[in-house]
Visitor: 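A single structure is presented below for examination.
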Amino acid sequence: MSDNWSAIAMAFVALFLVGGIISFIKQGLRRGAVLLAVLAALATTAAVLWW
C-alpha cells in the first residue's frame, strides 16, 4: 500500500478537479471547465499508470 501513495494522491487531485469542473460550469466558465477536464483526465491517467 505504501508504494501507491502517488497514485492515491493523483486520484484525489482528479476528484478535486472534477469538483472544479462542476463549479466552473455553474458559473458559466466553459473554457475553464474544459481546461479542468483535460487536467482531470491527465491526473486520472497518471493515477492508473502509477498503480
Side-chain angles (χ1 to χ4, degrees):
M1 180 70 173
S2 63
D3 295 337
N4 294 333
W5 286 115
S6 296
I8 293 169
M10 292 309 286
F12 279 117
V13 167
L15 290 173
F16 179 77
L17 289 171
V18 169
I21 293 167
I22 294 168
S23 176
F24 273 36
I25 289 173
K26 286 182 180 179
Q27 293 178 34
L29 302 172
R30 302 280 181 201
R31 288 185 185 170
V34 170
L35 175 63
L36 289 181
V38 170
L39 293 175
L42 288 174
T44 302
T45 303
V48 168
L49 291 175
W50 250 314
W51 204 276

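Given the structure is predicted, the values throughout are model-derived calculations rather than measurements.
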Visitor: What's the shortest heavy-atom distance between Ala47 and Ala11, and which atoms?
Guide: CB-N, 3.9 Å
Visitor: Of all heavy-atom pairs between Ala7 and Trp50, which one has the smallest distance, and what is that distance?
Guide: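 Minimum heavy-atom contact is CB-CB, 3.8 Å.
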Visitor: Starting from Leu15, can I reach Trp5 by hopping between I/L/V/M/F/W/Y residues whose side chains sit under 4.5 Å apart?
Guide: yes
Visitor: Is Leu29 linked to Val18 within one hydrophobic cluster, defined over Ile, Leu, Val, Met, Phe, Trp and Tyr using a side-chain heavy-atom separation of less than 4.5 Å?
Guide: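 In one cluster with Leu29: Val18, no.
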Visitor: How close do Ala33 and Ile21 get, counting heavy atoms only, and between which atoms?
Guide: O-CG1, 3.9 Å
Visitor: Hydrophobic clustering (ILVMFWY, side-chain heavy atoms < 4.5 Å, transitive) - are Leu36 and Ile25 grouped together?
Guide: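 They do share one cluster, since a chain of ILVMFWY contacts under 4.5 Å joins Ile25 to Leu36.
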Visitor: Give me the atom names and distance for the closest heavy-atom approach of Ala46 to Met10.
Guide: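 Residues Ala46 and Met10, closest heavy atoms: CB-CE, 3.9 Å.
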Visitor: Quick one: does Ser23's side chain have a donor or acceptor within less than 3.5 Å of a partner on Gly19's backbone?
Guide: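 Here the side-chain-to-backbone pair does not exist.
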Visitor: Hey, does Trp51 have a side-chain heavy atom less than 4.5 Å from the side chain of Asn4?
Guide: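 SC-SC contact between Asn4 and Trp51 confirmed.
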Visitor: Can you tell me how far the CG atom of Leu39 sits from the OG1 atom of Thr44, to the nearest 0.5 Å?
Guide: 10.5 Å
